[in-house]
Amino acid sequence: MTSPQETSPPLKVLHLGKDLLASNRQHAAANRARFQAAGVLVVNLLSAPGSGKTALLERTLSDLADRWPVAVITGDLQTDNDARRLAGRGAVIVPIATGTLCHLEASMIGRACEELDLTRLQLLFIENVGNLVCPASYDLGETRRIVLLSTTEGEDKPLKYPLAFKSADAVVITKTDLAEPAGFRREEARANVTAVAPQADIIELSARTGQGMQEFYLWLEAALVSRSAAAVHR
Ligand code: MG
Ligand code: ZN
């Protein structure tokens, strides 16, 4: 009698995830070099669906597009709804339909940049697919990463999705106008962000009322000034 281990060939394990991430890292490095050469600040926005990424961008473009040349790459599964919401505000919008893919990859950003004259831009936002899981693992070559947390979500989101929050340069708490009706426990949420992501600046705002937007713009301005110092913790 021989044991099954002796008769069957060894199983070949495919470490596909690792290979994909290694390839993504190469594309991200190429993007980053290109962004630095063009002197453009690239901000990658991550959040769960419905946290207010598009609303934040709508307000930001309306307020800033005539001050800084700005463009947005939007990643959406099926629709170009976000891109249409952002159009007509003085920014170039490049929509990416990811199909069934639940995150953006660096190679997609490289292709989308073919539609843009990077040297004429100061600021490029990337609105990632609404998902707090895998987008966290995909470096897009961005200069800064922002994770959004809305007051209508759980205060424990940072504890549930630590990878995303750990990679954030700033955490933006959105929909502060809804904090009270939602029963949002502000101190608890802030403590959870700080526990998981001590490196991240915390900005609270409402894109609807405008509260906190000036602080957000000052944060962007500071990032623009020091844009060559790309985040080194990724
Ligand atoms: Mg959106
Ligand atoms: Zn994904």
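Scope of the values below: all heavy atoms of this structure, side chains included, with no hydrogens, waters or symmetry mates. Indexing begins at 1, ligand by ligand and atom by atom, following the structure's order. On a predicted model such as this, the values are computed, not experimentally measured, just so you know.
- Remark: Tyr138 pairs with His103 by the ring pair (Phe, Tyr, Trp, His ring centres under 6.0 Å) rule, at least two apart or across chains.
- Arg32 and Asp139 are joined by a salt bridge, as a carboxylate oxygen and a charged side-chain nitrogen come within less than 4.0 angstrom of each other.
- Qualifying ring pair (Phe, Tyr, Trp, His ring centres under 6.0 Å) partners for His27, counting only residues two or more places apart in sequence or in other chains: none.
- Defined by atom type and a distance below 3.5 Å, a donor-acceptor pair is present between the side-chain atoms of Ser150 and Glu153.
- For the atom pair Ile126 CD1 and Arg144 CZ, the distance stands at 14.0 Å (nearest 0.5 Å).
- Of the charged side-chain nitrogens involved, none lies within less than 4.0 Å of a carboxylate oxygen, so that Glu114 and Arg111 do not count as a salt-bridged pair.
- Listing protein N, O or S atoms at distances below 2.8 Å from the Mg ion (ligand 1), with waters left out, gives Thr54 OG1, Asp82 OD2, Glu127 OE2.
- Defined by atom type and a distance below 3.5 Å, a donor-acceptor pair is present between the side-chain atoms of Asn44 and Asn128.
- Residues Leu132 and Leu101 are members of separate hydrophobic clusters, defined by side-chain heavy-atom contacts under 4.5 angstrom among Ile, Leu, Val, Met, Phe, Trp and Tyr.
- Side-chain atoms of Glu142 come within 3.5 Å of backbone N or O of Leu140 as a donor-acceptor pair.
- Within the protein, the N, O or S atoms sitting under 2.8 Å from the Zn ion (ligand 2) are Cys102 SG, His103 ND1, Cys134 SG.
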